[in-house]
Structures are given as structure tokens and as C-alpha cells.
Amino acid sequence: MPPAAFLFLACVLAAASLAATDGDGDAMRELRRALAPPDWGAAGEDDKGNHCAWRGVTCGGGGAVVAIDLPRRGLRGDFSAVAGLRALARLDLSFNALRGGVPGEALGGLTRLEFLDLSMNHLSGDVPPSLAGAVGLRVLNLSNNALSGNIPDELRALRGLTELQISGNNLTGTIPPWLAALPGLRVLSAYENSLSGPIPSGLGLSSKLQVLNLHSNALEGSIPSSLFDLGNLQVLILTVNRLNGTIPESIGRCSGLSNVRIGNNRLAGAIPASIGDVTSLTYFEADSNELTGEIPAQFARCANLTLLNLAYNRLAGEVPDVLGELRNLQELIVSSNGLSGEFPRSILRCRNLSKLDLSYNAFRGGLPESICNGSRLQFLLLNHNEFSGGIPVGIGGCGRLLELQLGNNNLTGEIPPEIGRVKSLQIALNLSFNHLVGPLPRELGRLDKLVALDLSSNEISGEIPGDMRGMLSLIEVNLSNNRLSGAIPVFAPFQKSAASSFSGNTKLCGDPLVVDCGPIYGSNYGMDHRKISYRVALAVVGSCVLIFSVVSLVVALFMWRERQEKEAEAKMAEAGEVVVAAPQVMASNMFIDSLQQAIDFQSCVKATFKDANVLSNGTFSITYKAVMPSGMVVCVKKLKSVDRAVIHHQTKMIRELECLSHINHPNLVRPIGYVIYEDIALLLHLHMPNGTLLQLLHNVDNPDGDNQKPDWPRLLSIAIDVAEGLAFLHHVATIHLDISSGNVFLDSHYNALLGEVEISKLLDPSKGTASISAVAGSFGYIPPEYAYTMQVTVPGNVYSFGVVLLEILTSKLPVDEEFGEGMDLVKWVHSAPARGETPEQIMDPKLSTVSFAWRKQMLAVLKVAMLCTERTPAKRPKMKKVVEMLQETKNS
Ligand SMILES: *[C@@H]1O[C@H](CO)[C@@H](O)[C@H](O)[C@H]1NC(C)=O
Ligand SMILES: *[C@@H]1O[C@H](CO)[C@@H](O)[C@H](O)[C@H]1NC(C)=O
Ligand SMILES: *[C@@H]1O[C@H](CO)[C@@H](O)[C@H](O)[C@H]1NC(C)=O
Ligand SMILES: *[C@@H]1O[C@H](CO)[C@@H](O)[C@H](O)[C@H]1NC(C)=O
Ligand SMILES: *[C@@H]1O[C@H](CO)[C@@H](O)[C@H](O)[C@H]1NC(C)=O
Ligand SMILES: *[C@@H]1O[C@H](CO)[C@@H](O)[C@H](O)[C@H]1NC(C)=O
Ligand SMILES: *[C@@H]1O[C@H](CO)[C@@H](O)[C@H](O)[C@H]1NC(C)=O
Ligand SMILES: *[C@@H]1O[C@H](CO)[C@@H](O)[C@H](O)[C@H]1NC(C)=O
Ligand SMILES: *[C@@H]1O[C@H](CO)[C@@H](O)[C@H](O)[C@H]1NC(C)=O
């Protein structure tokens, strides 16, 4: 060949190969223009052939794109340019901000497409039939969008589907029967839609169906027996539907079934004994149905059973003794049935039991003395039964108890002083409506975490001991209808109570009762009126003088002691001694490399030894301010004792924390490190100089902040920040456990960050669901339904957020005596129209009267707050929607 010809050929070949490498270049550059992913270079750049190097892009031969993985990039815009990528097998655009319809035509042309994940976006409109063109699809995930309409029949062409996820949309119509004929279907998840009609019979017969999750729809008919016939099912979640019929006997064929949640339906008949063959069963939740018969003893064969919830059914008979063999059982909930017999003592052999709820049944006989012998019980709910005899002295051994409900039984005898040893009691101690006699034990005063104490309607006598002033957390108290006498001790929670908390004790006097005690407590009621008032005045003046002297003395003593301490400290410091002996740090880490040098873990530990460093005191933790030797200030959060359990799973906890430290949302506080010593875990956070929203709203001075008065635009943007943080959490399926204004932190620019996020992760035992009961949240923010479900939910979070909005609008606290008896902020606001009050009388006039524009925005936000605090959880909007409504208000 002559050299010229050779050269020409070489050139042609080179050009051809270049064209081939560019492969899908045009389509990719168009996609870049439309989506603008952050790390794909600038649009219009001449970068032929480079698209294979763009982040998240995988190419096959000749520059053909086979996979695009771009989750969590904040993408919006149209991605129909993917139509040009003929070789595309995998497309993951989950967790973005895509809007508009699903581009069915574009996707339907991709015959090689096997994996399509568009979940966690804002896509709307119908599921397009044209999607059926992508006949190679194996995994289709459209969940958590705003899709509506039916599941189109055309999709029956997708014969290769193994996983179909369409939950969290607004789909209607029925679950199409052709799904039952798909040969490879393993996962079908369509929960939280508005689907109706039956679950197709035959579902599971032609495939290895492992996961079926259809909760929160309007499904009717029965649970098809076919689901269990092949024995492959592992997870079955059908809660909150309208299913009737019985639980199929064939359920026993699924020896690998771990999760059965079929509560809140209309299921009837008996629980089949074959349940004992489901040996891998971990959760069985069938509450709020119409189940009859007895609790099958066969449950005892399910050795891994952790939660058994059969509440609100029509079960009868006794709790089988053999259930005591369930070593892993943590929650046994059989409330509101027709169960009878003696207290099921054998259950106490389940050493891991943390919740025992036998309430609203017909159990009788005495309570066992060893009721809490070294147990982990946190919730002991035995109210509304016919238990008799005394309260066992052994109750003092319940070292972890958070709530004790013994009301409405037939208990007699005295309240054992040992009750004072149960220092963990927090949510409630309720012994009301029994026949208890004798005095109130002084030891009650040791219960300094207890929020609600109800001893009403007994025959308790004697005086109310002054020691009860030790109940520092008390908010609700009821001692009514007893035989108490003497003066009600002066103690804020008592005097703040309604009179009905103390009424029905004929010999009791003092505030809040209208009965005056007179000069000598408890007698001399028949004296001349003028004389009494004269004596009362004298007594008042006298006690004022006395109180003043005592207070002065105490203050003086205190100041003297503090000075002494300071001097001693200074001396020791001079002498070069360590002021506080620091304990051995067992594990510590800093997640942010650039801060490694600035943080001294010993200083973090030491900061928690001084009360003066306390920044805030929440439900689950105390936060301290710690100044590092480097001068840097960090927040150190110490988990409270109830939550120490997490520390026993240290590796898991550390993994969760590391994971959380990567959450990159501007409105969520994330951990920057941790220190573990003894059995105490300290979580480190960046210091928030402007304190909390609680402090801002209620004018608590903040030594570090600039203490500006809140104005409306700032408050509105704080509200939006919190809403966005919370919406993000819900988006990633995390439920917050303690939303309150005290958990909203403000940085130096008054951007708001929601805190205590890690608690939600660390305390979630059941993973993936929110049925955790060790949690009450902050008083005043707890939605009404938690009282009976003890179930932390997404709508529950929305309620608590609504309370924060009301706080912002009214500048009032969520609970305050000014609202009157039995009222909190929410009830006060909701009942304003009935009282004939206008919104102006509710909103803080210092804000609403400043300008017409502010007032208008405040009214709009008030509407949102009212929606969020609806009594019916289902009526509350999703956080996503709340963000939109608040944004709209801001832009108006
Ligand atoms: C969508 O569903 C698929 C299939 O079940 C799953 O692999 C994927 O992780 C899901 N995507 C998200 C964001 O959860
Ligand atoms: C769901 O669709 C129904 C009608 O199909 C509509 O009334 C309802 O507002 C929609 N809900 C949401 C949350 O979009
Ligand atoms: C179950 O519900 C369906 C539809 O609502 C009804 O037709 C059927 O009679 C019910 N079956 C039973 C056993 O109640
Ligand atoms: C019980 O759980 C353990 C740990 O998860 C597992 O290894 C075991 O196989 C389970 N037992 C049964 C019968 O499934
Ligand atoms: C409690 O459960 C754990 C597993 O969660 C198990 O290792 C332990 O043995 C159980 N405790 C008892 C006393 O059975
Ligand atoms: C209490 O528990 C201990 C062991 O933890 C046991 O030896 C003792 O017999 C138990 N007492 C009762 C009354 O059950
Ligand atoms: C205590 O129990 C009684 C009846 O069991 C109930 O009416 C009352 O509301 C309860 N009190 C508190 C504070 O929970
Ligand atoms: C309650 O106990 C008394 C005796 O202490 C007994 O006479 C009465 O029948 C019991 N009531 C119930 C409902 O068990
Ligand atoms: C206290 O209990 C009685 C019933 O014994 C009830 O009537 C009253 O309303 C309760 N008071 C408060 C403030 O809860």
C-alpha cells in the first residue's frame, strides 16, 4: 500500500473509533443540561467521550452508558433525555427533588432497563402505561412520590418484575390480579396509598413472594391463604385496612416468617395453633381486630418472639403459662380483651420483658411478691382488672419502671414505702380507684422524675407529707376522694392543680381548695369571720417574715459556700493539682478531621461534672457547655440513665452515630464525636451560640447569644427551618422522639437546627417501625393519641411541630396554668372560637399589631398550626405539605 493511502486509512479508523467512544455523548450532554448534577462539569463544555468519567455514570463498551446512579443530588428538572441511552440497564434518581410526571415514553423505550428507582421525589400524575415498554424491568421503585390514579393494567407486560415498590403515594383502585401471576415477584410494597378492594387471591402462588407490605390502605376481603402456601413469606404487614375473615391456618407453613403485623383490621376467629410452626416469628401484632378464642400456647415455640400485641380483641381464657419460656419477649400487650385468671406469674420468667400490659381485662387474685425481681420492666400496666390484696413490697425492685398503672382494681392495704425506691418512675404512678388505706408514705418524695401521680378514689388518710415536695418533675397530681386531712403543703405543682385534684377529702384545707385552713391548721372552722381574717393576716405576715429570713439565710450560706469552693479550687489549681479526677475514657472519636486537634476528650468529660455548665435539660439528655483548652466551645450531651441501655450495644451505637454524622441537612443537629466512659455516653455537637427557640421565645437570657428580641420574619424562617429538617427526617423514614422548642437550636445567624435526632436512632429497638414504647416526649407536645397507643408516629411528630408553631404565634408555653383547668396551649387555641375569641386575642399582639403584612402571615401560619394539631392523626398534613404551606406564606 502506498504510504499516503495508509495514512488516509489510519485517519478514517481513528475518526471512527473517536465517534464510537463518544457513544451516548449527545444524550448525556442533554441530560446534563436538563438536570445539572453538581459534579458533571459545566454545560456546554466540549468534552467528547468524557461522560463515562462523570460521577455516578457507568459505561459499557464503546461509550454506551449502562448505569446512572445519582441519588441525593438535589436534582430537579426533566430527565427524559435518558431516552437516548439505549443500553441503560440501571437508573437510580432516588432522594432528589424531581417534579412533574413520570416520563413514561422516554423510559418505555429503554428495553434493556432492569433497575429503575425514582423513589423519594415529588413526581405526580398517573403511573404511565407506556412504562410497560421497558420489558426488561426487574426492580421498579416509585415509592414516596405524589402519584395518583390506578396501577395501570398495561404494566402486566413487565413479566420479569421481582421487586415492586409504590408505597407512599396517593394511588387508588385495586391491587391488580395480574400481580399474582408474575413468576418472579419477591417484594410487593404498596403501603400508604388509597388502594381498595381485595388482596388478589393467588398472590404468592406463582412466585417466591417474601415481603408483602400493604398497610394503611382501604383493602377489604380476607387475607388470602395463597400468601402462605409456598412458605416463602418473611414479612407480612397489612395494618390499618378493612380486612375481614380469619387468619389462615396455612400461615404455619412459613417457617421463615419473622414479621406479622395485621392490627387495625376486622379480622375474626381464633389465632390458628399453627402459629407455633412459624419458629422465626419475631413480631406478632394483631391488635384492634375482632379475634376470639384463647391465646394459643403454641406461641411458646416461637423462641425469637420479641413483641406480642393482641390488644383490643375479644380473646378469652388465661395467658398460657408456657409463654414464660419466651426468653426474648420484650413486650406482651393484651389490653382490652376478656382475659381472666390469676396474674400470669410465669411471664415474669421472661427476663427481657420491658412492657407488660394486661389492662382492661378480668384478671383477678393477688399480685406476686416477686413482681419485679431483677426484671427490666419499664411499663407495668395492670389497670382495670379485678386484682385484689396488697401492692407487693417487691415493687421496690422495679428499678427500671417508667410507668405503673394499677388503677381500677380491688387492691387493699397500705401503699408500701418501697415505692419510693422506684426512682426511675417517670410517666405515671396511678393507683386510683382501689381500696388503699393508711397514710401517704413520705418516700413518695423521692420520685423526682415522676410527672403524673394519681392516688384518687381510695381511702388514704392522714396528712399530705411535706416530703412530697421532693417530686421535682410533678405536673399532674390527683389525691381527690380519699380521707386526707390537714393543710395541703405549699408546693407549686399542688397549688397549680385544679381544686378537683384535692376535693372529696373532707378534712383537707388550703390552696387550691377553697377551704381556708385557719390559723391552726385543720381546726377552728367555726370561729368568728373577722377574727379569722385578722389572724390569717397576722399568720401571713408572720410567715412572710419567717420565709424571708430563711431565704436570706440560705442565700447567704449558699454564697459563702460557693466562695469557699472557688477559693479552694483556686488554691488547688495554684498548687497544680487536678481539680476533678477524670475517669478513664473507654472510647472516643471525632468524626470531623479538621477538629481532631481542637477537641480534648477529658475536658468534655470534666465539663459534665459542673452544674454551672448545664445549657439545657431535656427528656432524654442533659446538655453541657464545654470549653476546650484550644478555646473552642462545644456542646456535650449526656444521655440520661434510662437510656444507658444503648451503651450496652456500644458498637451498634457508634455505627449509628457515625452514620448520623454524615447526615447533611442544614436544619438538623448532627453529632461531631463521642466519648464513652464507665457506662456513660457523651455526644459532642457544635456549640449553638443563640441557644434554643424556647429561650428566644420566653426571653431567657443567654449569656453567649446576642439576645435579640424575636421579630416575625425571623420566627417564620425558624419555623420553616424546623419544618424542613423534620420533613427530611420523615423522608428518610426516621421519626423524631422529642420535638419541642427546647430542642430547636439557633446558630449565630439564627438558622434553626432540630436537635436530639440521634436519640430517635439510638432508641429504636424494632428498626424500621416506630412501635417503640419507651418514650413519652416532652410534656405539652405529646399528641393525644400517644396516651393510648404509646406508638411514636409520623402524624404524632406533626402534632408536636404544630405545638411549636402555636408557641411561636402566641409566645405562650405549651402548658401553663393560665389556660385553666385541664387546658393546654392546643386546647386553649382550638376552643377560642367557642369562647367567642378572635385570632387576634390568641396571637401575640407584640407581633401581630406591628404591621398588616405580619398579621396576615401570622393568620396563615395559625391555620397551618391548627391543621397540624388536629385531634385525629389522619387529618394532619404531611411535613412535606407543611413546608410548602409555610413557604407559600413567606413568599406571599
Ligand atoms: C427502591 O426499591 C428497591 C427494590 O425494593 C430497593 O432496592 C431500593 O433500595 C429502594 N430505594 C430506596 C431509596 O429505598
Ligand atoms: C388523594 O387523591 C384524592 C382523590 O383521588 C384527593 O381527594 C386527595 O386530596 C389526595 N390526597 C393527597 C394527599 O394528595
Ligand atoms: C368481608 O368483607 C366483604 C366485603 O367488604 C364482604 O362481602 C364479606 O361478606 C365479608 N366477609 C365476612 C366473613 O364478614
Ligand atoms: C432467631 O434469631 C437468631 C438471631 O437473629 C437467628 O440466628 C435464628 O436463626 C432465629 N431462630 C429461628 C428459629 O429463626
Ligand atoms: C435477652 O435478649 C438477648 C437478645 O436480645 C439475649 O441475648 C439474652 O439472653 C436475653 N436475656 C435473657 C435473660 O434471656
Ligand atoms: C429473685 O431472683 C433471684 C435470682 O435473680 C432468685 O434467686 C430468687 O429466687 C428470686 N426470688 C423470687 C421470689 O422469685
Ligand atoms: C389513672 O387511672 C384512672 C383509671 O384507671 C384514669 O381515669 C386516670 O385518668 C388516670 N390518671 C392519670 C393521671 O393517668
Ligand atoms: C373486692 O374485694 C372485696 C373484699 O376485699 C370483695 O368483697 C369484693 O367482692 C371484691 N370485688 C371484686 C369485684 O372482686
Ligand atoms: C381527679 O380524680 C377524680 C376522680 O377520682 C376526677 O373526678 C377529677 O376530675 C380528677 N381531677 C383532675 C384534675 O384530674
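Counting starts at 1 for both ligands and their atoms, following the listed order.
The number of heavy-atom neighbours closer than 6.0 Å to CZ of Arg483, taken from other residues, nucleotides and ligands shown, is 12 or below.
Any N or O atom pair closer than 3.5 Å counts here, and Asn430 shares at least one such pair with ligand 7. The distance criterion of under 3.5 Å between nitrogen or oxygen atoms is met by Asn408 with respect to ligand 7. The shortest N or O to N or O distance between Ser432 and ligand 7 is below 3.5 Å. Considering both main-chain and side-chain atoms, Glu163 comes within under 3.5 Å of ligand 1 through a nitrogen or oxygen pair.
The contact set between ligand 1 and Ser119, taken as ligand atoms under 4.0 Å from a residue heavy atom, comprises 11 (N), 12 (C), 13 (C). For ligand 1, the atoms closer than 4.0 angstrom to any heavy atom of Phe95 are 13 (C). In summary, the atoms of ligand 7 found under 4.0 Å from a heavy atom of His384, numbered by their order in the structure, are 4 (C), 5 (O). Close approach of ligand 1 to Val139 is summarised as follows: ligand atoms under 4.0 Å from at least one heavy atom of the residue are 3 (C), 4 (C).
Leu209 is not listed as a side-chain neighbour of Arg186, based on a closest heavy-atom distance of 4.5 Å or more.
Ring geometry for His215 versus Tyr191: interplanar angle under 30°, hence parallel rather than tilted (30 to 60°). Aromatic ring pairs are classed by plane angle as parallel below 30°, tilted from 30° to 60° and perpendicular above 60°; the pair Phe502 and Phe494 is perpendicular.
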Which pairs of N or O atoms, one from ligand 4 and one from the protein, are separated by less than 3.5 Å, and what is the distance for each pair?
{"unit_1": "ligand 4", "atom_1": "2 (O)", "unit_2": "Asn304", "atom_2": "OD1", "d": "3.4"}
{"unit_1": "ligand 4", "atom_1": "2 (O)", "unit_2": "Asn304", "atom_2": "ND2", "d": "2.3"}
{"unit_1": "ligand 4", "atom_1": "11 (N)", "unit_2": "Asn304", "atom_2": "ND2", "d": "2.9"}

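Using a 4.0 Å heavy-atom cutoff, Gln165 is listed among the residues neighbouring ligand 1. At least one heavy atom of Asp117 sits less than 4.0 Å from an atom of ligand 1.
Here the closest non-hydrogen pair linking Ser497 and Pro512 is O-CB, 3.5 Å. Nearest heavy atoms, Leu305 versus Phe299: CD2-CD2, 4.0 Å. When all heavy atoms of Arg327 and Asn352 are compared, the closest pair comes out as O-ND2, 3.4 Å.
Between Tyr312 and Tyr360, the ring center distance fails the sub-6.0 Å criterion.
Judged by the 6.0 Å distance and 45° axis criteria, Arg138 is not positioned over the aromatic ring of Phe115. Geometric assessment of Arg72 against the ring of Phe95 yields a positive cation-pi assignment under the 6.0 Å and 45° thresholds.
Ser456 meets the side-chain contact (heavy atoms from CB on, under 4.5 Å) test with Ser432, Phe433, Asp454, Asn478, Ser480; sequence neighbours excluded.
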